[in-house]
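I have placed the structure first, in the form of structure tokens, so that the comments after it can refer back to it.
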There are 2 protein chains.
Amino acid sequence: MSKIKESSTNFANKQALMEECSEVYAANIIGGQWGLVICSWLLNGKLRFSELKKLLPTITERMLTLQLRKLEENKIVKRTVYAEVPPRVEYELTEIGYDLGPVIKLLEKWGEKHKRFKEV
Amino acid sequence: MSKIKESSTNFANKQALMEECSEVYAANIIGGQWGLVICSWLLNGKLRFSELKKLLPTITERMLTLQLRKLEENKIVKRTVYAEVPPRVEYELTEIGYDLGPVIKLLEKWGEKHKRFKEV
DNA sequence: TAGGGTACTATAAAAAATGTAAGTAATGTC
DNA sequence: GACATTACTTACATTTTTTATAGTACCCTA
């Protein structure tokens, strides 16, 4: 999650695929170790940084920050800072962020079915 | 895509999330740079290794092999080898592989909407 | 004045994913 | 006998993602 190298083959491949296939584009946006879980939690309503941290006990603060920044950049979450001390920052899904609801639900369903399928 | 280190924090985190959240589980299975595109193509019917290679001009043979192996391990594609020379190997989606159709379609739709959303 | 809470940032390192380049086996054709 | 075809494999290099650890500013409370 640092700076990406725009000269790499990997970068070129990703770009090309994302332009052609909207499903790959989508996967790249919500991808990453924690992106989906964060969105899942936020589907229930806005949360503070520290609340998310509690919900995701093993995430590091750095990772949480990075993922939230990425989601913010992609306009999936809105970040609201309250000028208080100690600081308070709330994260909330945008309209298109909430649109992820059905996507996540379908993924979840498929995942559950797949778990059973794999057992056999 | 090499061997994963079962002692790493990353591995532990992934495992825990995958058990709790089926959507993360699903994302991990179809994730990877090329997984989704390969499945997309296979939704139209079985394909040979070389045909996939032609459809994905920038993928390396190594990557194609790795991704197909992962999909096979996860029982999303079925691999059929014909004892001919030169060899012929066909890849076809399994039942649950075909179930990815709606998932991919929804992701695609969301992706397209998101592209427009981001422009504004 | 020492400590606590909040939401971070900086730096480094480890781990994972992807890419590069070359080679292999078997057989049929020229 | 050289060469082409197919579906790979192997060794190695690079890039990207994730984790680890230690800070920071601000004010409030004890």
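Letters A, B, ... mirror the listed sequences (proteins, then strands); counts begin at 1.
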For [X] and [N], what is the distance between atoms [atom1] and [atom2] respectively, to the nearest whole Å?
| X | N | atom1 | atom2 | value |
| --- | --- | --- | --- | --- |
| Lys54(B) | dT6(D) | NZ | C1' | 11 Å |
| Asn28(A) | dT17(D) | CG | C1' | 13 Å |
| Leu68(A) | dT18(D) | CG | P | 14 Å |
| Glu51(B) | dT5(D) | CD | P | 16 Å |
| Lys5(B) | dA13(C) | NZ | C1' | 12 Å |
| Leu47(A) | dT6(C) | CG | P | 14 Å |

Kindly say if [X] contacts the phosphate of [N], meaning a side-chain N or O under 4.0 Å from OP1 or OP2.
| X | N | value |
| --- | --- | --- |
| Ser8(A) | dT16(D) | yes |
| Lys14(B) | dA17(C) | yes |
| Gln67(B) | dT18(C) | yes |

Earlier contact from the 5' end, DNA chain C, for Pro86(B) and Phe49(A): Phe49(A)
Need to verify one output field. Residue with the more 5' nearest nucleotide on DNA chain C, Pro87(A) or Glu6(B)?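 The residue whose closest nucleotide sits nearer the 5' end is Pro87(A).
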Please name the pair of heavy atoms, one in [X] and one in [Y], separated by the smallest distance, quoted to 0.1 Å.
| X | Y | result |
| --- | --- | --- |
| Ser40(A) | Ile104(A) | OG-CG2, 3.8 Å |
| Lys5(B) | Phe11(B) | O-CB, 3.3 Å |
| Leu43(A) | Gly97(A) | CD2-O, 4.4 Å |
| Ala26(A) | Gly111(B) | CB-CA, 4.1 Å |
| Val24(B) | Met18(B) | CG1-CG, 4.4 Å |

Of all the nucleotides listed ([options]), which has the minimum atom distance to the side chain of [X]?
| X | options | value |
| --- | --- | --- |
| Leu66(B) | dT17(D), dT18(C), dA7(D) | dT18(C) |
| Arg48(A) | dT18(C), dT9(C), dA7(C) | dA7(C) |
| Ser50(B) | dA7(D), dT27(C), dT9(D) | dA7(D) |

Report yes or no: does Thr94(B) contribute a side-chain atom to a donor-acceptor pair with the main-chain N or O of Val77(B) at less than 3.5 Å? no
Nearest-nucleotide comparison on DNA chain D, the residue closer to the 5′ end among Arg88(B) and Ser7(A): Arg88(B)
So what does Tyr82(A) touch, heavy atoms closer than 4.0 Å: a base, only the sugar-phosphate, or nothing?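 The residue Tyr82(A) makes no contact with any strand.
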When Lys109(B), Glu108(B), Lys113(B), Lys105(B) are each screened for side chain to side chain contact (heavy atoms under 4.5 Å, CB included) with Ser22(A), the one that passes is Glu108(B)
Pairs under 3.5 Å (N/O, protein and nucleotides 19-23 of chain C):
| unit_1 | atom_1 | unit_2 | atom_2 | d |
| --- | --- | --- | --- | --- |
| dG19(C) | OP1 | Asn13(A) | ND2 | 2.4 |
| dG19(C) | O3' | Thr9(A) | OG1 | 3.4 |
| dG19(C) | N7 | Arg62(B) | NE | 3.2 |
| dG19(C) | O6 | Arg62(B) | NE | 2.5 |
| dG19(C) | O6 | Arg62(B) | NH2 | 2.7 |
| dT20(C) | OP1 | Thr9(A) | OG1 | 2.7 |

